[in-house]
Structures are given as structure tokens and as C-alpha cells.
Amino acid sequence: MKAAIVVFPGTNRERDMALALQRVTGAKPAMLWHRDAALPAGTDLVVLPGGFSYGDYLRCGAMAAQSPIMQAVKDHAARGGHVLGVCNGFQILCEAGLLPGALLRNASLRFLSMDCHMRVERTDTPYTSRFQRGAVFRATMAHGDGNYFADDATLDRLEGEGLVALRYATSAGEVTADANRNGAARSIAGILSPNLRVLGLMPHPENQVDPAIDGTDGLPMFESLAETLAAA
Amino acid sequence: MKARVTVMPKAGVLDPQGKAIGHALESLGFGGVGEVRAGKVIELELTETDPAKAKQAAEEMARKLLANTVIESFRVEVV
């Protein structure tokens, strides 16, 4: 798997993401700057990591979505390439129109910096194949605008087509209002594109990939990708 | 020529900022305040001198960048 990480001014989670990817591939991912106009040849996976691109000016992810590299990311997605957006990366994917909906201010108006649990809604995707169906895993959330919103027709379509990848849940896997800390529509933590190759999620699976730091709860997501894209 | 773009959360989209402002007004003792919605105003200095063309250009800018029409509506005035 050949991975590349996009760095925007204000991105701050690119190194954690690089370590997570290196852990499963053994290779350092390429770091791309927002002004770059092309991906390295043979890139399988593009990652938009977390942070505060362009200082969250106008709307979270709005400026990054217009930056030169994003045309290359859109072309990559249109060719059937894999794109992962975490936290600010998810916001950028929505602003760029690669995923539907938008991320609103958390319903509590509070910046949420805490662990959460997510229920894996399907395991036949490039991102979740190493999880057990219905598995629940812990990840860290750190965002002020993670309250997923889409109109009812879009939400119904996402659910109907099985494109809700992850939902906020209790550690026992129950989807409850209390477990949905940011107020996301239908407890949605992460969604997929129709071809299952673009995933956006608010929490940070790359935080939990090292047993010496905070466990390996998030590692199966990266192992899934490495396995899926090994042959690519 | 100046264009003023007013961007507001769409009806039906949760506006927690507006809600918080409403609560703060209430706790300051202002009575009779119903729903509060918070948006933003963006002023553009344009070289265009034709008001209709200026409005059209500002609307295009709003659709492409200034507003996210999934969650926001906008209004353009040429001033």
C-alpha cells in the first residue's frame, strides 16, 4: 500500500497518522503540501489528517477544500482511489463534496476532547475488514465541530445504501443519546462513499495504534487498509 | 462597488450559537426574545460597476465558497 498524507497550513495530526500507516506498511507515507498539484505516482491511499487547516476560517475545512492539492485528491477518488479523512479531514471531504452532509458545531457548543466508542456497522469495507461485525472500538475525539448533519433524504439514502460506517455507541455497543456527545444526526461518526473507498470520520483511530502508548483499539482500521491494498 | 453577503443557518438546521445567545439574553433580563439565529456578514469590495453583474458575481462566490448550501442560506445585497 502506497500512502500519502496531505498537510495543510494548520494541520497538526499528520505525524501520528504517518506513524499509524508506517506501523502497518513498514514504509513512511509521502507528505504532500496543500500547494502540490499532483499525487506521487502509484498512490493507493490519500489521507487528510486532523488539525485546524487555515485556522478553521469561514467554516472548518472550507478553505482546504479549495486548495490546489484537492483537485488531485478528487481525481484520485474519481478513479476509484481510496481516501481517508479524519476529524478536520472529514470536514474537508464534506466541504469538497466527496462525501455528503456537513459537520456543524457540537450541540453542546463545547470542544470535546475525550475518548468515545464507535460501533462498526459493516465489516465488508476496505477500512473495517479486520473488525468483527458489530465490534465496538475506542478512539479519541477532539473537535468543536463534529455534529454530523444532512437532510433527511440524504440520511435515509446513507442508511439504505449501508454507507454509515461507524456510529457513536456505549462501550457495550448500544447507540444511545448519551453516547452521542456531539449531537450527530443518527449518531453518525463516520460515512462511506457509494464505492466504499472514501471514508470520513470524526474520532482519531490513529491515536490508538501502539500498545506502549494507549492501546491498539484503532489498529484494525489500518490493518484492514494494508490488507486490502497490499495487492494494489 | 460593495456587495454584502449575509449567510444564515438554514431553517431546520440546529443553531447552537443562536440558542446560547438567546439564553444569555434571557439571563441578562431581556424579556420577550423568541428564537435567536446567528449567522455572518461578508462584505466584498468589487471592481464591477454594474449592480446586476456585481450581484450575480457575489451570488456565484456565495454558492462556491462563502456559504455551504447544505447547511446555510445566503442573501446578496449590492450597496
Side-chain angles (χ1 to χ4, degrees), chain A residues 53-68 70-71 74 88 90-112 143-155 157-158 177 180-188 191 200, chain B residues 2-28 30 33-48 54-79:
Chain A
S53 57
Y54 300 86
D56 282 347
Y57 286 179
L58 191 64
R59 295 177 305 276
C60 301
M63 306 310 234
Q66 308 299 330
S67 63
M70 284 308 293
Q71 190 52 53
K74 285 180 186 172
N88 190 218
F90 185 15
Q91 296 164 338
I92 295 168
L93 288 176
C94 288
E95 282 283 345
L98 283 167
L99 289 173
L103 283 310
L104 298 175
R105 185 64 46 91
N106 294 340
S108 64
L109 280 178
R110 291 195 175 92
F111 188 96
L112 296 170
H143 60 247
D145 299 71
N147 178 351
Y148 184 72
F149 173 87
D151 59 36
D152 284 335
T154 303
L155 292 170
R157 180 179 65 77
L158 287 171
N180 182 15
R181 301 298 297 261
N182 59 27
R186 305 192 194 179
S187 291
I188 289 173
I191 56 169
Chain B
K2 225 181 214 177
R4 186 179 295 138
V5 183
T6 305
V7 180
M8 293 298 293
K10 268 187 183 168
V13 173
L14 181 77
D15 176 17
Q17 287 191 88
K19 242 181 211 161
I21 294 165
H23 287 311
L25 289 172
E26 200 181 301
S27 65
L28 282 169
F30 290 103
V33 179
E35 195 188 11
V36 180
R37 310 280 284 169
K40 59 185 98 139
V41 173
I42 300 161
E43 286 189 341
L44 307 165
E45 196 78 62
L46 303 174
T47 51
E48 180 59 64
K55 187 169 190 219
Q56 204 176 10
E59 281 173 349
E60 185 62 13
M61 293 175 205
R63 263 190 296 275
K64 277 226 169 114
L65 178 67
L66 307 179
N68 178 343
T69 55
V70 174
I71 50 174
E72 295 166 326
S73 60
F74 65 86
R75 190 179 71 236
V76 175
E77 301 157 85
V78 173
V79 291

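Chain A is the first sequence line, chain B the second, and so forth, proteins listed ahead of strands; every chain is numbered from 1. In what follows, every heavy atom counts, from backbone to side chain, and hydrogens, waters and symmetry copies are set aside.
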Contacts of residues 103-112 of chain A with chain B (heavy atom under 4.5 Å): A/Leu104, A/Arg105, A/Asn106, A/Ala107, A/Leu109
Largest heavy-atom contact set with chain A, pairs under 4.5 Å, which of B/Leu66, B/Leu14, B/Asp15: B/Leu66
Side chain to side chain contact (heavy atoms under 4.5 Å, CB included) evaluation trace for A/Phe90 with A/Ile191: CA-CA 9 Å; A/Phe90 185 15; A/Ile191 56 169; 3.8 Å; yes
Side chain to side chain contact (heavy atoms under 4.5 Å, CB included) against A/Ser67, all qualifying residues, sequence neighbours excluded: A/Phe8, A/His34, A/Tyr54, A/Ile69, A/Met70
Side chain A/Gln91, main chain A/Asp145, donor-acceptor under 3.5 Å: yes
Kindly list each side-chain donor-acceptor pair under 3.5 angstrom involving residues 71-79 of chain B, sequence neighbours excluded, with atom names and distances?
unit_1, atom_1, unit_2, atom_2, d
B/Glu72, OE1, B/Asn68, N, 2.8

Heavy-atom neighbours of B/Lys19 NZ exceed 12 at 6.0 Å: no
For residues 34-46 of chain B, which side-chain N or O atoms pair as donor and acceptor with protein atoms under 3.5 Å away, sequence neighbours left out?
unit_1, atom_1, unit_2, atom_2, d
B/Arg37, NH1, B/Val13, O, 3.2
B/Arg37, NH2, B/Pro9, O, 3.4
B/Arg37, NH2, B/Lys10, O, 2.7
B/Arg37, NH2, B/Val13, O, 3.2
B/Lys40, NZ, A/Leu58, O, 2.7
B/Glu43, OE2, B/Arg4, NE, 3.1
B/Glu43, OE2, B/Arg4, NH2, 3.4

